[in-house]
Structures are given as structure tokens and as C-alpha cells.
Amino acid sequence: MIRLAIQSKGRLNEDSLQLLHDAGISVDDAKRKFLGKAADFPLEVLYLRDDDIPGVVADGASDIGIVGLNEVEETGAAVKVIRKLGFGNCRISLAVPKTADYTGPEWFNGKSIATSYPNILRRYLADNKIDATIREIKGSVEIAPAAGIADAIFDIVSSGGTLISNGLSEVEKVFWSEAVLIARPGLTAEKEALLKSILFRIDAVEESRGKKYILMNLPNDRIEDAIALLPAMRSPTIMPLAAEGWSSLHSVIDGGSLWQTVEALKGIGAEGILVLNLDKVID
Ligand code: ATP
Ligand code: MG
């Protein structure tokens, strides 16, 4: 049995459960429950506030966890970051009222900065030799300047919409974060083996993300041109069709370049092009 801590509610909860689901691990989504058990994998799920996850994993009350890298950095907990998971992307930035005559990081000298990330901020200020006062507040950081609590803020930004609606402008991007899988050092051999099996599944899910399976019919004399257009995992699969002089070609491509590739393939005479979603890619 291995125990995984995830956020009980909030921004990372859904994506964490989705990742488990895609990895073929079904847990009952009882958000109010403190501890759940997977039906089809020897895994327990511990539902926690995100701030508590790194510490609980470091202490060994949970073996592994899914949490924002920002929380790992802020808590300084003794955990290993095993995988970046590609969701919960955000940054922590300094923002000042848009009316401020901001000149550069030295602007913060003698100013007060409200934040829920005092440790990451303290490190940034020290690295940049800035002497500012840190005011730690747990929530609603973005209203601090308007409320007269601080001159500026250091807070999580993704689209920047919250800053704009609070009359703030982002001036220094300091820390980039995304959800990560963490583990405590010194897992038993049994737990290591379970972690390895979870990673194998996560990697297959990640690998398939954004990829498409494409198949088409092609005159034989255009196969070389098609191969040049299709960077496949190895090389495309080519099978002869019953119709003389034609083949069927199968490959995996990046979804991002899908339309460009399809147009180019049509241009060299491909017909009957099918594009399918990929569920898992196992290397
Ligand atoms: P909890 O109640 O668990 O303490 P919280 O309110 O502290 O939750 P959330 O707002 O749910 O935290 O954010 C959880 C994590 O999601 C953050 O630590 C960060 O890694 C990421 N995150 C936060 N805000 C954003 C955002 N705007 N866009 C993308 N990811 C974000
Ligand atoms: Mg929190």
C-alpha cells in the first residue's frame, strides 16, 4: 500500500483526480472524506490543504503527494520532486499599483510587500539586495495595496486578470510553478515498486497528451515524401492496399502541428486521412 496526498479542494484537486483516473486508478471523489482508497490499485488518498502536503510527505504521514512546486519551495520541506505534471501552471510575481512610477527592483527599497509566500520573497529580496518589509497575509493579497496594508504585493499570477481588476501591474516575475509529484526520501522497497508502477502509468498519459494517431492512403511513389513530413516515434507503419500502387500509412503526430501536416499530406496526394485521439503511449 502507498499513500498519496492531494489537495482536498481548490485548483489542483480536479486535475490530480483526473491524472489518477487517466492512470487507471479510481478513487471515490469524496472530497469531504479525509482518507480514501483506490478500488483497483494498492493506493490510499489523503485529502489535505495544499500548504500541508509537503510537510506531511516529509514527515512520512504520506509517502507521495501532488502539490504546486511553489508550496514545496515555500515550505522548504525535505521531499524529492519526482515529476512535473504539466498542470497548475502559474508564476509568483511582484506587482505594484499601476499608478506607481516603477523604475526597477530597487523601487522596493523601503516599501512594504504583502504576500502568502514570505520565504520565496525573502530569498528574492536578499538575492537582489533589496531592503523591504514583508507583510505575511494568508489570503486576498491582491487587495492589500488598495486597503493600505502594503505598498505592493508578491502573489500567484496566471492570466494576470486579477491584477488588472485590482489596479495592479506585474513588474517582476520571480518563480515559475506547476503541479509536481513529490515523494519522501527512503521509501521501502514495496512502496518504491508501487511508485514506479504509478510513474510508468503517468508517463504513458503524459506521452499521449496532445498527440494524434493519423492514417491515410497514399500512392507508393509519394511514401518517401510523406515520411519526411511525419516525424514518427520510430518510422511510420506502411501497409499495401488491395488497390495496385497504393499503401496505407500510419503514424503518431503532435496535435499542435496537425493542420499544417494534414495540408502538406493532401498536397502530396494523401487520401482518406483519418485522425484519431490517443489514449496512452507506452514506450
Ligand atoms: P487550500 O485550501 O488547499 O490551502 P489554496 O487556496 O491555498 O488552497 P488554490 O488557490 O487552490 O490554493 O491553489 C492551489 C495551487 O494551485 C497553488 O499553490 C498553485 O500551485 C496553483 N495555482 C494557484 N493559483 C493558480 C492560478 N491562478 N492558475 C494556475 N495555478 C494556480
Ligand atoms: Mg493553501
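Note that ligands are numbered from 1 as they come in the structure, with each ligand's atoms numbered from 1 the same way. The figures that follow rest on heavy atoms only: side chains count, while hydrogens, waters and symmetry mates do not. In this chain, residues are counted from 1 in sequence order.
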J.: So which heavy atom on E206 is nearest to which on L85, and how close?
T.: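 Scanning both residues completely, I find the closest heavy atoms to be OE2-O, 3.2 Å.
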J.: Of all the atoms in ligand 1, which lie at a distance below 4.0 Å from a heavy atom belonging to G10?
T.: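 Answer, ordered by atom number: 11 (O).
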J.: Would you find more than 12 non-hydrogen atoms of other residues, nucleotides or ligands less than 6.0 Å from K37 atom NZ?
T.: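 Yes, enclosed.
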J.: Return the orientation label for the W107 and Y102 ring planes: parallel under 30°, perpendicular over 60°, tilted otherwise.
T.: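 Aromatic pair W107/Y102 classed tilted.
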J.: With a 4.0 Å cut-off, would you call E73 and R123 a salt bridge?
T.: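 Answer for the salt bridge query: yes.
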J.: What atoms of ligand 1 come closer than 4.0 angstrom to any heavy atom of E71?
T.: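 Contacts of ligand 1 toward E71, numbered from 1: 18 (O).
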J.: Look at atom 14 (C) of ligand 1 and say which protein heavy atom is nearest, naming residue and atom and giving the distance to 0.1 Å.
T.: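 So the nearest neighbour among protein heavy atoms is D50 OD2, 3.3 Å.
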J.: Tell me whether atom 6 (O) of ligand 1 lies less than 4.0 Å from at least one protein heavy-atom position.
T.: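 Under the 4.0 Å cut-off, atom 6 (O) of ligand 1 has no protein heavy-atom neighbours at all.
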J.: Taking just the N, O or S atoms of D51, which one is nearest to the Mg ion (ligand 2)?
T.: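 Of the nitrogen, oxygen and sulfur atoms in D51, the Mg ion (ligand 2) lies nearest to OD1.
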J.: What is the minimum heavy-atom distance between S177 and L69, and which atoms define it?
T.: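 In this case the closest contact between S177 and L69 is OG-N, 3.2 Å.
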J.: I need the atoms of ligand 1 closer than 4.0 Å to a non-hydrogen atom of G68, numbered in the order shown.
T.: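 Atoms satisfying the 4.0 Å criterion: 20 (O).
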J.: To check you understand the geometry: which heavy-atom pair defines the closest contact between N109 and K129, and what is its length?
T.: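 For N109 and K129, the tightest heavy-atom pair comes out as OD1-O, 4.2 Å.
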J.: Tell me which part of I156 gets within contact of ligand 1: side chain, backbone, both or neither, using heavy atoms under 4.0 Å.
T.: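 Just the side chain.
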J.: Can D50 and R11 be counted as an ion pair, charged N to O under 4.0 angstrom?
T.: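 So D50 does not pair with R11 through a salt bridge.
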J.: Evaluate E170 against S93 for side-chain hydrogen bond (donor to acceptor under 3.5 Å, both in side chains), listing each step before the verdict.
T.: CA-CA 6 Å; E170 181 179 14; S93 297; 2.6 Å; yes
J.: Among all protein non-hydrogen atoms, which one is nearest to atom 27 (N) of ligand 1, and what is the separation to 0.1 Å?
T.: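 Answer, as residue, atom name and distance: S158 OG, 2.9 Å.
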J.: Identify, for atom 9 (P) of ligand 1, the protein heavy atom at the shortest distance, and state residue, atom and that distance.
T.: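 Residue, atom and distance for the closest contact: Q7 NE2, 3.8 Å.
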J.: Among protein heavy atoms, which sits nearest to atom 13 (O) of ligand 1, and what does the distance come to when rounded to 0.1 Å?
T.: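 It is R11 CD, 3.7 Å.
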J.: What part of N89, side chain from CB on, backbone N/CA/C/O, both or neither, has a heavy atom under 4.0 Å from ligand 1?
T.: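 The backbone, only.
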J.: Who's the nearest protein heavy-atom neighbour of atom 21 (C) of ligand 1, and how far?
T.: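 The protein heavy atom lying closest is C90 SG, 4.0 Å.
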J.: Provide the closest heavy-atom pair for A95 versus L168 in the form atom of the first, atom of the second, distance.
T.: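 Looking at all heavy atoms of both residues, the shortest contact is CB-CB, 4.3 Å.
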J.: So if I count the atoms of ligand 1 from 1 in the order they appear, which ones are less than 4.0 Å from some heavy atom of G88?
T.: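 By the 4.0 Å cutoff, the relevant atoms are 30 (N).
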J.: Looking at D225, I223, L230, which hits side chain to side chain contact (heavy atoms under 4.5 Å, CB included) with I227?
T.: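 It is I223; the other options fail the test.
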J.: Tell me: protein heavy atom nearest atom 17 (C) of ligand 1, and distance?
T.: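 Of the protein heavy atoms, N70 ND2, 3.7 Å lies nearest.
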J.: Quick check: is W246 connected to M239 through a chain of hydrophobic side chains (ILVMFWY, heavy atoms under 4.5 Å apart)?
T.: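 No.
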J.: Determine which of the N, O or S atoms in D50 is closest to the Mg ion (ligand 2) and give its atom name.
T.: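 This residue's closest N, O or S atom turns out to be OD1.
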J.: Tell me whether the Mg ion (ligand 2) has E71 as a neighbour, meaning an N, O or S atom of it below 2.8 Å.
T.: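 Checking E71: none of its N, O or S atoms is under 2.8 Å.
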J.: Mind checking whether E178 contacts ligand 1 via backbone (N, CA, C, O), side chain (CB onward), both or neither, at a 4.0 Å heavy-atom cut-off?
T.: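 None of E178 does.
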J.: Identify the protein heavy atom lying closest to atom 2 (O) of ligand 1, giving its residue, its atom name and the separation to 0.1 Å.
T.: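 The closest one turns out to be R49 NE, 2.8 Å.
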